[in-house]
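In this text the structure is predicted, and so the values were computed from the model without any measurement. Counting from 1, the numbers follow the sequence of the chain as shown.
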Amino acid sequence: MAYVAGKYTYPSPLAGYEGAPPLPDEKAEDGKSYVNPVNETLSKAYLDFPDPLDKGRRGGFDIHIYYYQANEAQTKYARELWERIRREFPELRIYRFWDRPIGPHPVAMFEVNLFTPAQFGAFVPWLAIHRGPLSALIHPNTSEPGDSPSGMDVELRNHTQRAIWMGERLPLDLDRFV
C-alpha cells in the first residue's frame with residue numbers, strides 16, 4: 001500500500017513486515033515504553049544508508065551550517081566551528097567557508113558531507129551540542145526512479161519535505177529547484 005500526500009507518494013512503512021505476528025502489549029521495566037520483539041541482527045540501516053540515499057561520491061547527507069555574515073560574533077564562531085570540524089572530523093568532506101549567500105542559501109554558510117550512518121550518528125549529535133548560535137540544514141541526497149533529467153524535483157524534495165533543521169529555520173530560495 002502506498003500513501004499519497006500532495007505531490008509525494010510514500011510506500012508503507014510496514015513494507016517487508018506483512019504477515020508478521022502482532023506486537024506484544026507488554027510494558028518495559030520503565031512502565032512507559034513497550035517490550036519489542038528481539039531480532040537476531042541489527043537493522044541494515046546501521047551499516048548502510050537505505051535506498052534511495054546516495055552511497056557514492058555525493059554522500060548520503062549534506063549539512064549546511066549558516067551564520068549571519070554581517071554579525072561579527074557569529075562569523076567568528078562559525079569560522080572556529082569550521083576549523084574544529086576539520087580538525088576533529090577529517091574523514092568528512094568539508095567545503096569552503098562562504099562569506100556570502102550562495103545557491104539557494106539565504107546567508108553565508110559552509111557545508112559538510114556525510115557518507116555513512118556511523119558518520120551521521122557521530123557528527124549530528126556532536127553538532128547539536130557544538131553549533132552554538134548557528135542554524136544547520138541537514139538534507140539527504142537521493143535519487144529515485146522517475147526523477148526529472150535535471151534532478152531539480154528531487155532536490156526540491158530533499159531541501160524541503162525531507163530536510164531536518166537545527167536552530168532557526170531559514171527561508172531557502174526554492175525557485176532554483178523548479
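- Atom-to-atom distance recorded for R96:CZ and M109:CE is 10.0 Å, nearest 0.5 angstrom.
- Considering only residues two or more places apart in sequence or on other chains, T41 meets the side-chain hydrogen bond (donor to acceptor under 3.5 Å, both in side chains) condition with none of them.
- Residues passing the salt bridge (Lys or Arg N to Asp or Glu O under 4.0 Å) test with E80, sequence neighbours excluded: K76.
- In this structure the side chain of V107 reaches within 4.5 angstrom of the side chain of L170, judged on heavy atoms.
- Atom CG of residue L134 and atom OH of residue Y68 lie 10.5 Å apart, to the nearest 0.5 angstrom.
- Taking the side chain to side chain contact (heavy atoms under 4.5 Å, CB included) definition, one finds that T75 meets it with Y67, sequence neighbours left out.
- Between F110 and L81, the closest side-chain pair of non-hydrogen atoms falls below 4.5 Å.
- At least one donor-acceptor pair closer than 3.5 Å links the side chain of N71 to the backbone N or O of Q74.
- Residues satisfying the salt bridge (Lys or Arg N to Asp or Glu O under 4.0 Å) criterion with R58, sequence neighbours excluded, are E155.
- Once rounded to the nearest 0.5 Å, the distance linking CD1 of I94 with CD1 of I85 reads 6.5 Å.
- Residue pairs meeting the ring-ring contact (aromatic ring centres under 6.0 Å, His included) criterion with at least one partner in residues 46-66, sequence neighbours excluded, are F49-F61, F61-F120, H64-H105, H64-H139, Y66-H105, Y66-W165.
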| field | Derivation of the side chain to side chain contact (heavy atoms under 4.5 Å, CB included) call for I63 and L137 | value | CA-CA 6 Å; I63 300 181; L137 164 64; over 6 Å; no
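- Residues F177 and N158 have side chains not in contact (no heavy-atom distance under 4.5 Å, counting atoms from C-beta outward).
- When all heavy atoms of L53 and P140 are compared, the closest pair comes out as CD2-CB, 3.3 Å.
- Residues that satisfy the side-chain hydrogen bond (donor to acceptor under 3.5 Å, both in side chains) test with K27, not counting sequence neighbours, are absent from this structure.
- Minimum heavy-atom separation, P106 to L172: CD-CD2, 3.9 Å.
- The environment of E18 atom CD is dense: over 12 non-hydrogen atoms of other residues, nucleotides or ligands sit within 6.0 angstrom.
- Residues satisfying the side-chain hydrogen bond (donor to acceptor under 3.5 Å, both in side chains) criterion with Y77, sequence neighbours excluded, are absent altogether.
- For D51, the salt bridge (Lys or Arg N to Asp or Glu O under 4.0 Å) partners at least two apart in sequence or on another chain are K55.
- Considering only heavy atoms from C-beta on, V35 stays 4.5 Å or farther from D25 through its side chain.
- Under the salt bridge (Lys or Arg N to Asp or Glu O under 4.0 Å) criterion, D173 pairs with R176, not counting sequence neighbours.
- Side chains of P50 and K44 form no contact here, defined as non-hydrogen atoms less than 4.5 Å apart.
- Residues that satisfy the side-chain hydrogen bond (donor to acceptor under 3.5 Å, both in side chains) test with E29, not counting sequence neighbours, are absent from this structure.
- Counting heavy atoms from C-beta on, the side chains of E26 and Y34 never come closer than 4.5 Å.
- A salt bridge is defined here as a Lys NZ or Arg NE, NH1 or NH2 lying under 4.0 Å from an Asp or Glu carboxylate O, and E83 with R79 fails to meet this definition.
- Residue pairs meeting the side chain to side chain donor-acceptor pair (under 3.5 Å) criterion with at least one partner in residues 112-135, sequence neighbours excluded, are D62-N113, E88-W126, R93-N113, Y95-N113, E111-N113, W126-H130.
- Using a 4.5 Å heavy-atom threshold, the side chains of V112 and L127 count as separate.
- Taking the ring centre of W98 as origin, the terminal cationic atom of R100 falls outside the region bounded by 6.0 Å and 45° from the ring axis.
- Under a 4.5 Å side-chain heavy-atom cut-off, the cluster of Ile, Leu, Val, Met, Phe, Trp and Tyr residues that includes F115 has no other member.
- Side-chain atoms of T142 and D54, non-hydrogen and from C-beta on, never get closer than 4.5 Å to each other.
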